[in-house]
Amino acid sequence: MKTIPQDIARVLISTDDLQRRVQELADQISADYQDQNPLLVCVLKGGYVFLADLTRAMSINHAVDFMAISSYGSGAVSSGVVRILKDLDRDISGRHVLLVEDIIDTGHTIAYILDNLRTRQPASLRVCTLLSKPSRREIPLPVDYIGFEIPNEFVIGYGLDYAERYRNLSYIGVLKPEVYS
Ligand code: IMP
Ligand code: MG
């Protein structure tokens, strides 16, 4: 057992609970997209750990691609400003696209990406997020697959960072507010 860094107030979602839930999501997605060879679009960087576990837990053929977006800088407060840092490698017209996100907070980032991808005429476009903070939502969004709904606290681990740190933790932890305020 690794020691918990001192900047972490508590573990919110344990490694076991994450793995169990990711397998459930993978089973559901595999059933829903049977024979559709979906394209899983991972939003970097936060989504990379979730995507890696999700894709290996799936039982159907699928492809992956990556998009990098900047919305927060290194801080903990949403600016609502979104920029594409890296676009998809391939055309998605006629493909069944599933956007894979680490967390939906205000919804600005996903709303921007959905608007952008929709113009490329995918056959379908759905969203899978590991975490959602419903109390923070500023833009109403239909989210098709949600791992966990969490309270309004800044969380790190399992791909999520604060100033590029803590992405490697195998659990989701709550960062002590004094670390970012
Ligand atoms: P939104 O545009 O406000 O929905 O923000 C979504 C993005 O903000 C996510 O992809 C994360 O990169 C980041 N974010 C939001 N909340 C947290 C958090 O609690 N911990 C780490 N990153 C977060
Ligand atoms: Mg981030």
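Order of listing sets the numbers, starting from 1, for every ligand and every atom in it. Values reported hereafter were calculated over all heavy atoms of this structure, with side chains retained and with hydrogens, waters and symmetry mates removed. The structure displayed is predicted, hence computed values, not measured ones.
- When only modelled atom types and interatomic distance are considered, Ser132 and Arg137 share a side-chain donor-acceptor pair under 3.5 Å.
- Proximity of Lys45 to ligand 1 is not established, as no heavy-atom distance is less than 4.0 Å.
- The residue among Ile69, Leu175, Asp102, Thr109 with a heavy atom at the shortest distance from atom 10 (O) of ligand 1 is Asp102.
- Under 3.5 Å, the side chains of Asp16 and Ser14 contain no donor-acceptor pair of N or O atoms.
- The heavy atom nearest to atom 22 (N) of ligand 1, considering only Ile150, Leu160, Val43, is found in Leu160.
- For atom 1 (P) of ligand 1, the nearest non-hydrogen atom from the set Val174, Thr106, Thr129, Ile139 belongs to Thr106.
- If you number the atoms of ligand 1 from 1 as listed, the ones under 4.0 Å from a heavy atom of His108 come out as 2 (O), 4 (O).
- Side-chain N/O atoms of Tyr158 and Asp53 include a donor and acceptor closer than 3.5 Å.
- Close to ligand 1: Asp161, with a non-hydrogen atom less than 4.0 angstrom away.
- Annotation for ligand 1: atoms under 4.0 Å from non-hydrogen atoms of Glu101 are 10 (O).
- Residue Gly107 places a heavy atom less than 4.0 Å from ligand 1.
- A heavy-atom distance below 4.5 Å is not found between the side chains of Glu101 and Leu130.
- Below 4.0 Å from some heavy atom of Lys133 lie the following atoms of ligand 1, by number and element: 16 (N), 17 (C), 18 (C), 19 (O).
- A pairwise comparison of heavy atoms in Val97 and Pro122 identifies CG2-CB, 3.9 Å as the closest pair.
- For Glu153, the closest heavy-atom approach to ligand 1 falls below 4.0 Å.
- Ring-plane geometry between Tyr180 and Phe154 is classed as tilted, the angle between the planes lying from 30 to 60 degrees on a 0 to 90 degree scale.
- The shortest heavy-atom contact between Arg120 and Ile84 is NH2-CD1, 4.5 Å.
- Heavy-atom separations between Val155 and ligand 1 include at least one value shorter than 4.0 Å.
- Annotation: cation-pi geometry satisfied between Arg126 and Tyr33 (NZ/CZ under 6.0 angstrom from ring centroid, within 45° of ring axis).
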